[in-house]
Amino acid sequence: MAEAAVKLTKKDFETPLDVRWCPGCGDYAILANLQRLLPDLGIPRENFVFVSGIGCSSRFPYYMNTYGFHTIHGRAPSIATGLKTSRPELDVWVITGDGDALSIGGNHLIHALRRNVDFNILLFNNRIYGLTKGQYSPTSEIGKKTKSSPMGSVDAPFNPIMLALGSGGSFVARSIDIEAKHLQAMMRASHGHRGTSFIEVYQNCPIFNDGAFDMLTDRKVKSENVVALEHGKPLVFGKEADKGIRLVDGKLEVVQLGEGVTEGDLLVHDETNRTQAFLLAQLELPVPVGVFFREERPTLDDMMNKQLETASSKKGRGELKALLHSGETWEVR
Amino acid sequence: MAEAAVKLTKKDFETPLDVRWCPGCGDYAILANLQRLLPDLGIPRENFVFVSGIGCSSRFPYYMNTYGFHTIHGRAPSIATGLKTSRPELDVWVITGDGDALSIGGNHLIHALRRNVDFNILLFNNRIYGLTKGQYSPTSEIGKKTKSSPMGSVDAPFNPIMLALGSGGSFVARSIDIEAKHLQAMMRASHGHRGTSFIEVYQNCPIFNDGAFDMLTDRKVKSENVVALEHGKPLVFGKEADKGIRLVDGKLEVVQLGEGVTEGDLLVHDETNRTQAFLLAQLELPVPVGVFFREERPTLDDMMNKQLETASSKKGRGELKALLHSGETWEVR
Amino acid sequence: MSTQEKVIEQLESVVIRFAGDSGDGMQLTGQQFTQESVLAGNDIGTLPDFPAEIRAPTGTLAGVSGFQLQFASHDIYTPGDAPDVLVAMNPAALKINLGDVRPNGIIIANTDAYTDKNCQKAGFGGNPLTDGTLSSYRLYTVDMNKMTQAALADTGLGPRDIDRTKNMFALGLVSWMFQRPIGVTIKQLEKKFAAKPEILDANIRVLKAGYHYGETAEIFTSAYEVKPAAIEPGTYRSITGNAATAYGFIAASELSGLRLFLGSYPITPASDVLHELSKHKNFDVMTFQAEDEIAAVGAAIGAAFGGNLAITTSSGPGVALKMEAISLAIMTELPLVIADIQRGGPSTGLPTKTEQADLLQVIYGRHGESPVPVIAAQTPADCFWAALEACRIAVKYMTPVFLLTDGYLANGAEPWKIPDVESLEAFDVKFRKEVDGFLPYLRDEDTLARPWVKPGTPGLEHRIGGLEKEDGSGNVSYSPTNHEHMVRTRAAKVKGIQRDIAPIEVYGDPEGDLVVVGWGSTYGAIRTAVDAARNEGKKVSHVHIRWMNPLPADLGDVLRRFKKVLVPEMNLGQLRMLLRAEYLIPAEGLNKVTGRPFTKSEILRGIENHL
Amino acid sequence: MSTQEKVIEQLESVVIRFAGDSGDGMQLTGQQFTQESVLAGNDIGTLPDFPAEIRAPTGTLAGVSGFQLQFASHDIYTPGDAPDVLVAMNPAALKINLGDVRPNGIIIANTDAYTDKNCQKAGFGGNPLTDGTLSSYRLYTVDMNKMTQAALADTGLGPRDIDRTKNMFALGLVSWMFQRPIGVTIKQLEKKFAAKPEILDANIRVLKAGYHYGETAEIFTSAYEVKPAAIEPGTYRSITGNAATAYGFIAASELSGLRLFLGSYPITPASDVLHELSKHKNFDVMTFQAEDEIAAVGAAIGAAFGGNLAITTSSGPGVALKMEAISLAIMTELPLVIADIQRGGPSTGLPTKTEQADLLQVIYGRHGESPVPVIAAQTPADCFWAALEACRIAVKYMTPVFLLTDGYLANGAEPWKIPDVESLEAFDVKFRKEVDGFLPYLRDEDTLARPWVKPGTPGLEHRIGGLEKEDGSGNVSYSPTNHEHMVRTRAAKVKGIQRDIAPIEVYGDPEGDLVVVGWGSTYGAIRTAVDAARNEGKKVSHVHIRWMNPLPADLGDVLRRFKKVLVPEMNLGQLRMLLRAEYLIPAEGLNKVTGRPFTKSEILRGIENHL
Ligand SMILES: Cc1ncc(C[n+]2csc(CCOP(=O)(O)OP(=O)(O)O)c2C)c(N)n1
Ligand SMILES: Cc1ncc(C[n+]2csc(CCOP(=O)(O)OP(=O)(O)O)c2C)c(N)n1
Ligand code: SF4
Ligand code: SF4
Ligand SMILES: [Mg+2]
Ligand SMILES: [Mg+2]
């Protein structure tokens with residue numbers, strides 16, 4: 001990518017509009033982290049486009065001083081597909097929520113993932129419909145009591161990472177709203193990946209689902225509950241880095257290091273292995289964050305554009321006159 | 001399930017209408033197999049309902065002398081969900097195609113799978129849109145030349161088994177149109193499963209995608225190209241049952257038996273292991289058929305109906321008068 | 001210190017608007033005040049108005065939430081026009097609402113919130129409380145924050161909790177002003193905070209502090225009292241349109257003996273119908289929150305095929321998505337009710353504002369000739385009756401039916417005389433069971449309805465679907481003559497519903513200079529305005545249409561008895577278009593598309609302009 | 001053995017229909033015969049009619065495929081009414097088509113296919129060729145199977161391959177009957193079977209066998225000749241509506257310098273536009289086959305935002321699904337063309353039959369006030385011009401535009417005088433680049449269009465979306481007055497397109513007893529019928545509307561000059577409704593909803609009934 005002429009700063013990516021999320025909403029942190037990252041990417045500001053659906057999270061583009069499109073519920077991946085394939089030089093980001101991406105937009109999400117269009121999807125997962133004031137979402141746990149499920153939800157939730165892997169996703173990661181460093185690293189990695197990159201970001205909604213991720217963010221306990229995936233490194237976690245994850249008979253097992261178990265016995269993360277990523281995605285405690293899986297494969301935008309070039313170079317640039325005269329013609333005098 | 005009063009036969013499930021598929025279409029075989037199986041299931045004929053979308057495959061209900069609903073493109077799982085949850089005593093089957101289920105209907109499919117509604121989905125995968133006369137589908141291979149992809153398709157296909165596993169599917173299987181015995185066994189197993197069962201059936205479309213599965217059906221070569229998954233059994237295949245599949249470092253490997261390798265070294269199929277199923281789904285040759293994965297978990301229809309019972313038993317059956325008078329009321333005299 | 005006496009003035013009706021930050025609890029305050037007024041025996045009309053954002057930044061214009069209420073000693077039909085009283089909890093609330101307040105109206109401001117920063121955020125140059133901005137109003141400034149803090153000084157509560165109770169101060173104060181009984185509010189608080197006794201205590205203390213402040217402070221020169229309205233005897237409750245819609249569906253289920261099945265996907269302002277119905281599982285009500293609107297209507301169609309009373313609820317954008325599936329219900333002639341709680345469009349538009357611009361969408365918004373009957377509710381409580389009626393027609397004629405309400409009805413409330421449950425007519429639902437002579441599309445001679453068969457019925461196995469059907473057999477048919485026959489039959493079936501529509505009741509004289517024709521939620525404003533015009537001796541009548549499709553059989557004749565026809569609508573003239581096409585009468589429009597309901601005076605002005 | 005002489009009769013026009021099993025190759029036969037007729041210099045009109053099933057069982061009614069063609073020595077506008085000649089390859093084909101054949105018409109039957117079993121399958125009691133069923137027709141029976149077999153006896157081809165060539169026998173025979181040159185067919189066969197010389201050889205042999213059989217056999221008493229039509233000089237080709245639509249879009253792309261982007265999901269009868277455009281990647285045409293219709297229009301909207309000429313194509317059910325997204329294009333004021341190739345509805349309906357019943361759906365089928373201009377093509381070749389015009393307006397006014405065609409136009413063909421590419425007007429597309437004074441919703445004073453900005457343009461970063469926009473700034477706005485202003489502005493913008501609509505050309509006198517008003521594909525039938533009526537001295541004129549929304553500014557005046565207005569439509573009266581509402585004129589309808597186009601005589605009868 002071309003180097004931006006002028007060095008940009010976070011401020012360049014802020015809009016004059018008031019940010020309209022509830023106080024304490026995790027969306028603020030995600031926004032700030034991305035605004036911090038973008039100047040670093042060396043892309044001219046005018047080449048960024050943020051496309052979103054509908055939801056609290058989908059208000060995001062209004063606060064990002066780039067090109068932006070706040071579209072309709074669930075359809076951001078489709079709109080981004082049209083944009084990116086026809087304008088491959090743009091740097092396209094899709095911002096979406098668990099309702100927007102996994103409920104009404106589920107089909108477009110899985111199709112984007114299989115087609116591998118080169119854009120970055122950030123799914124803000126607060127496990128609730130925020131904007132419509134608190135109904136359960138496809139990531140809400142069974143039994144959750146909400147306005148539309150007063151006796152508890154009976155819908156088994158999706159695991160977004162498993163769904164993305166099953167759809168053929170070529171970059172699948174997870175992070176947490178307020179883990180600034182980790183989140184920025186994930187965003188940077190996603191941006192570096194050619195193809196559809198998918199990051200599930202756990203996001204707290206203090207109004208309708210407060211504390212959903214407390215276990216993973218509370219300083220006192222989080223290191224016991226989160227394991228960071230790093231390619232080529234063994235799966236170690238715990239405040240004292242004293243626990244790890246081992247693979248036994250194809251199943252994951254949490255072990256205490258030291259009691260006859262060493263790091264060498266632990267599972268080493270291999271982000272090129274889709275099946276292992278799928279296994280890790282099923283781990284409930286500790287919760288893995290990081291890049292589960294990454295693979296290089298052709299992108300839709302590349303392939304579409306290459307076909308256009310090939311067609312022109314093989315058949316010659318089309319000429320309207322010749323087209324209209326193609327097939328049998330005859331003269332009337 | 002209650003025993004049917006009169007013993008039914010295949011004939012009872014045939015309709016007087018002419019079957020309107022092209023000569024040689026794989027759909028005939030699937031229909032016949034199911035018509036053969038149904039009388040065996042001990043369900044009164046009037047309790048079967050076949051719900052389909054749109055496509056050649058979706059014409060199926062017209063030829064099945066039960067209740068049937070030929071709905072609209074992609075929506076059969078939604079319609080079946082409303083039917084089954086509200087009428088749990090019915091025996092509901094969803095008949096769909098690779099376009100119907102995976103293209104326009106992808107979202108409803110993955111949501112049915114996660115919710116685990118107790119019906120059976122048969123996906124007729126001919127890797128083409130048949131009814132609309134031959135465009136590539138979400139299971140067509142990259143490079144496929146069709147009417148809408150004269151230079152070859154650039155869409156990476158879904159692997160329907162992986163998608164179903166990633167969606168949380170509780171019964172995921174694969175079979176082949178003309179493998180009568182295997183197909184019937186799969187249908188029977190799917191019927192026996194409580195929850196959403198999903199069978200991908202490879203189906204030949206002689207008109208628009210002839211021979212797509214020849215390698216798997218041609219008597220001369222098929223045993224070299226297909227491996228049947230059976231729970232608890234090692235993965236053996238080949239005409240002489242002389243080949244097998246081994247798990248090495250988390251990856252699958254085809255081996256020749258005998259040369260120092262015995263059946264004991266082979267991977268034993270474990271249909272309760274979702275990750276292993278996911279790994280097998282990625283196997284390209286030989287192609288696995290059979291039940292990849294099966295798990296018992298609560299069904300949506302059960303849970304919804306139980307909540308209704310609980311509500312009535314806890315609060316008492318609702319009374320309209322009391323409802324209308326709930327909250328503050330006052331008298332005007 | 002002053003010696004002014006408290007005077008109790010008698011008023012006929014008062015319009016009051018509470019406005020503040022979304023975090024200020026204005027909706028709750030308004031609803032509580034409504035409860036109090038209802039118990040005081042007044043007739044009421046309400047209009048909540050909240051921002052599209054969950055919680056916009058404090059103090060901004062976007063974050064202002066409002067609740068307007070009219071209460072009166074006579075029948076009223078609307079939340080009123082220009083407020084007589086505006087409670088403005090902060091500068092942004094003042095900025096947004098000031099233009100609406102009637103000249104010389106009362107403004108009650110929470111001084112503490114009028115900091116320089118807040119005034120600036122709201123776009124005021126200076127402090128409007130002191131810079132003369134409000135010189136033509138009666139301004140009462142009250143240090144609500146400080147007084148709330150004082151009232152709770154000894155409780156040990158944290159500043160955030162304290163701040164959260166200041167709406168109770170405002171409520172107490174206004175309750176005193178209008179002599180409302182605060183007992184009902186205290187009872188309500190006791191329920192709400194049962195688990196948190198300190199918070200309960202704090203709220204009650206502050207409520208009383210506000211009330212007592214009004215009584216004792218010197219700034220208010222008079223208290224006002226609105227006498228109870230003379231309304232029909234009976235047991236009353238207050239009800240919002242969305243609750244009434246939900247109750248109407250439950251009533252239909254009880255009266256038909258059919259299990260109610262709702263397939264829905266949340267959307268403002270329709271979600272509350274889903275929420276309400278989800279609570280009533282002990283009525284055997286099944287609610288299914290689907291992954292999208294298409295799945296929601298799909299599930300409902302599946303349930304209808306299964307023999308349930310199937311409904312689906314949404315608002316404009318969601319209804320647009322359902323249309324293809326509704327067309328399937330038309331072809332398969334299954335009963336289904338689709339409720340469209342209209343909001344401001346197009347696209348995402350103004351999700352929390354009201355509008356009537358989906359009328360043509362629901363009548364014409366499908367491919368092919370695909371007729372659907374449409375009924376529109378006209379007041380919050382009428383949503384009950386309209387929902388009930390929609391279900392009755394759906395089942396009787398085996399057809400999908402649209403129910404139209406809107407954001408104004410959905411969130412607005414009115415006192416409702418609770419109907420006598422025994423007096424509600426049961427509907428007659430027959431599932432076909434006889435095998436002899438059965439054909440899936442053999443029609444009832446009167447209604448043209450086809451038989452409804454529950455899957456599971458022995459001997460009646462059959463198949464339906466979206467391809468054109470042969471009449472009678474229901475087999476797929478490509479026959480040209482059959483298609484023409486079926487297209488016309490489906491149209492005739494819907495047209496035939498006219499026989500179920502009561503003759504039009506003209507309000508006012510059956511002929512005259514002008515008839516004002518409305519539909520839906522404009523009912524109250526039109527009725528009040530027509531009343532006013534008639535009081536001035538004008539020859540004006542009011543016709544309000546309930547069935548939008550088919551239109552009532554006698555409508556053309558009724559309208560032709562007037563010299564002029566005026567059609568007020570919250571759109572650009574959708575009903576007007578239908579009337580002109582159907583009756584070739586030069587109906588004129590009075591159109592308002594601001595996301596807010598008509599006021600009486602806007603309609604009155606319209607009437608005057610057309611006389 | 002007979003001594004009858006072959007007589008060459010001169011005819012003005014002939015209507016011929018080929019009908020047989022879907023496996024019999026009737027579409028190909030019809031198309032080839034069309035090519036031949038076109039080369040013979042005749043004007044032509046075609047109507048293919050194939051079954052919804054890919055391939056229904058052989059010999060069944062459901063499996064019958066037909067192709068009708070009219071060729072004439074004068075201008076014609078339709079494929080004709082009642083066939084003069086029916087080629088019935090089997091009893092089912094005879095059964096289905098017999099009712100249409102004109103009295104005393106010619107029937108050519110392939111005797112070999114009239115077995116007892118086949119006759120029974122088709123629902124005949126006995127053998128219609130022998131039992132007197134056809135006594136009022138001129139029947140020619142030909143043993144096509146046998147003669148085909150005989151022609152290929154020495155080739156060693158298998159029976160299936162032989163059977164597949166029998167359509168060439170029929171084609172050869174009919175080509176002789178009407179003195180068509182078979183050279184073009186041979187050329188075509190050479191292309192098609194280049195890789196299979198034995199098959200090529202067989203086809204040519206059988207074709208010639210058919211031709212020679214006509215020439216030599218005794219059963220035909222005369223051959224017919226239709227002289228070349230006197231049409232405008234120029235270079236001609238034959239073109240179907242779908243191909244013309246695709247070419248129109250490519251032309252728009254070339255003339256505007258905008259890359260063409262199609263987002264589409266296959267559906268009958270629209271898929272061929274996708275297929276055609278997919279072939280022309282060397283025109284930089286990007287085609288994206290989406291996962292569904294919503295994604296298809298979504299991708300197109302994304303491409304429009306990116307500065308491409310974005311289109312999406314579908315038919316009724318698919319268009320219904322696109323509406324919510326189209327509403328976004330309205331709110332964001334992006335150019336987009338949506339082609340609706342109409343088919344029989346509602347629901348899945350009659351996918352392979354034609355209808356005009358989506359007019360109201362495309363005008364009104366969205367939530368909120370969401371105006372979209374609509375243009376309708378009137379002949380197959382006119383699809384080119386209509387597609388081009390739709391693109392021009394979309395870009396000029398920054399608005400989505402609907403293009404309506406239908407199954408009849410889509411699959412029908414006509415000779416088209418190929419336009420001179422140099423004479424086509426380029427359109428003037430300006431992307432905003434200047435930073436100074438830029439606002440996303442600052443409008444052009446004339447057109448009210450907002451600026452189009454390509455993402456990637458430095459300094460013009462901005463955000464758009466589906467919430468109501470503040471005029472000018474494009475910021476989200478909940479202001480009531482802004483909303484009203486924007487609703488009216490969007491309506492005014494669409495209405496303003498009237499200035500681009502040419503004054504109406506009345507065919508016939510500008511005043512009279514009756515004006516027949518049509519739109520879309522009824523053009524040919526109406527024009528022919530009006531011609532006939534005028535020849536009989538009737539005071540009838542024809543007005544054909546092209547822009548359905550907004551309607552032409554002068555339309556009301558034009559119509560009011562006639563005593564009566566008659567509106568033939570392949571629906572229940574959708575344009576009629578619009579005309580009545582807009583002009584308060586008592587327009588009457590002539591409605592046909594059989595899935596088939598009007599015939600001239602149906603319209604003529606309608607005219608006579610209304611005079
Ligand atoms: C077609 C349509 N259906 C429904 C809605 C209502 N709606 C808006 S946002 C939303 C869910 C948002 O949930 P999520 O994506 O998780 O976003 P969050 O607000 O939690 O960030 C819904 C149901 C809509 N705007 N449009
Ligand atoms: C809403 C809608 N969009 C598109 C279509 C056209 N259509 C009918 S079937 C089909 C694809 C069928 O493919 P598949 O499900 O694989 O079925 P097959 O015919 O191959 O068995 C399409 C695109 C339709 N009927 N309805
Ligand atoms: S409702 Fe929840 S997700 Fe939405 S802005 Fe508020 S805190 Fe954030
Ligand atoms: S087109 Fe293919 S899938 Fe469809 S009926 Fe024919 S052979 Fe079967
Ligand atoms: Mg969410
Ligand atoms: Mg298929």
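Each chain gets a letter, A, B and so on, in the order the sequences are listed, and its residues count up from 1. Not measured: the values here are computed from a predicted model. Any value given below was found using the heavy atoms of this structure, including those in side chains, with hydrogens, waters and symmetry copies removed.
- For chain C, the option among Gly466(D), Gly465(D), Gly344(D), Gly345(D) with the highest count of heavy-atom pairs below 4.5 Å is Gly466(D).
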> Can Lys322(D) and Thr312(D) be said to form a side-chain hydrogen bond (donor to acceptor under 3.5 Å, both in side chains), step by step?
Replying inline: CA-CA 9 Å; Lys322(D) 290 177 198 282; Thr312(D) 185; 2.8 Å; yes

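- Chain C forms more heavy-atom pairs under 4.5 Å with one residue of Gly349(D), Pro351(D), Gly365(D) than with any other, namely Gly349(D).
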> Please walk me through it: do Asn482(C) and Asp471(C) pass side chain to side chain contact (heavy atoms under 4.5 Å, CB included)?
Replying inline: CA-CA 7 Å; Asn482(C) 176 74; Asp471(C) 210 9; 4.1 Å; yes

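- In terms of non-hydrogen atom pairs under 4.5 Å with chain C, the most contact-rich of Ser347(D), Ala329(D), Ser315(D) is Ser347(D).
- With a 4.5 angstrom heavy-atom cutoff, Val319(D) does not touch chain C via any of its atoms.
- If you measure heavy-atom distances from Gln342(C) to chain D, you find no contacts under 4.5 Å at all.
- With a 4.5 Å cut-off on non-hydrogen atoms, Ile330(D) touches chain C through its side chain but not through its backbone.
- In this structure, chain C has a heavy atom under 4.5 Å from the side chain of Ala491(D), while its backbone stays farther away.
- Heavy-atom pairs under 4.5 Å with chain C were tallied for Met486(D), Arg576(D), Arg488(D), Lys469(D); the largest tally goes to Arg488(D).
- When Arg490(C), Glu582(C), Arg366(C), Arg596(C) are compared by the number of non-hydrogen pairs under 4.5 Å with chain D, Arg366(C) comes out ahead.
- In this model, no donor atom of one side chain and acceptor atom of the other lie less than 3.5 Å apart for Glu324(D) and His367(D).
- Interface remark: of the candidates Leu578(C), Asn571(C), Leu579(C), Asn571(C) forms the most heavy-atom pairs closer than 4.5 Å to chain D.
- Interface check for chain D: of the options Gly368(C), Ser370(C), Ala325(C), the most heavy-atom pairs under 4.5 Å are formed by Gly368(C).
- Chosen from Leu328(D), Thr332(D), Leu350(D), the residue pairing most often with chain C at heavy-atom distances under 4.5 Å is Leu350(D).
- Considering only heavy-atom pairs separated by less than 4.5 Å from chain D, the leading option among Gly595(C), Gly318(C), Ala587(C), Ala581(C) is Ala581(C).
- Within 6.0 Å of atom NZ in Lys495(C), 12 or fewer heavy atoms from other residues, nucleotides or ligands are found, so the atom counts as exposed in its surroundings.
- Under a 4.0 Å N-O distance rule, the pair Lys353(D)/Asp49(D) qualifies as a salt bridge.
- Residue Arg343(D) does not touch chain C at all, counting heavy-atom pairs closer than 4.5 Å.
- Of the two parts of Lys592(D), the backbone and the side chain both hold a non-hydrogen atom closer than 4.5 Å to a non-hydrogen atom of chain C.
- For the set Gln574(D), Met323(D), Gln356(D), His485(D), the entry with the most heavy-atom pairs within less than 4.5 Å of chain C is Gln574(D).
- Note that CD1 of Ile267(C) and CG of Leu321(C) are 8.5 Å apart. Values are rounded to the nearest 0.5 Å.
- Counting heavy-atom pairs under 4.5 Å between each of Ser479(C), Gly316(C), Pro317(C) and chain D puts Pro317(C) at the top.
- Using a 4.5 Å cut-off between heavy atoms, Ile294(D) contacts chain C through its side chain alone, with no backbone atom that close.
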> Going through the checks in order, is the side chain to side chain contact (heavy atoms under 4.5 Å, CB included) test met by Met570(C) and Phe598(C)?
Replying inline: CA-CA 8 Å; Met570(C) 299 188 291; Phe598(C) 276 104; 4.0 Å; yes

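- Of the two parts of Asn591(C), the backbone and the side chain both hold a non-hydrogen atom closer than 4.5 Å to a non-hydrogen atom of chain D.
- Residues Thr399(C) and Lys493(C) have side chains that never bring a donor and an acceptor to within less than 3.5 angstrom of each other.
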> Given Val565(C) and Val567(C), is the side chain to side chain contact (heavy atoms under 4.5 Å, CB included) satisfied, shown in steps?
Replying inline: CA-CA 7 Å; Val565(C) 177; Val567(C) 189; 4.1 Å; yes

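- The side-chain contact (heavy atoms from CB on, under 4.5 Å) test with Ile338(C) singles out one residue from Ile326(C), Val374(C), Val362(C), and that residue is Ile326(C).
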> Should Val372(C) and Val494(C) be marked as a side chain to side chain contact (heavy atoms under 4.5 Å, CB included) after you check the CA-CA gap, both sets of side-chain angles, and the distance that decides it?
Replying inline: CA-CA 7 Å; Val372(C) 178; Val494(C) 170; over 6 Å; no

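- A donor-acceptor pair shorter than 3.5 Å cannot be found between the side chains of Glu484(D) and Thr481(D).
- In this structure, chain D has a heavy atom under 4.5 Å from the backbone of Ser477(C), while its side chain stays farther away.
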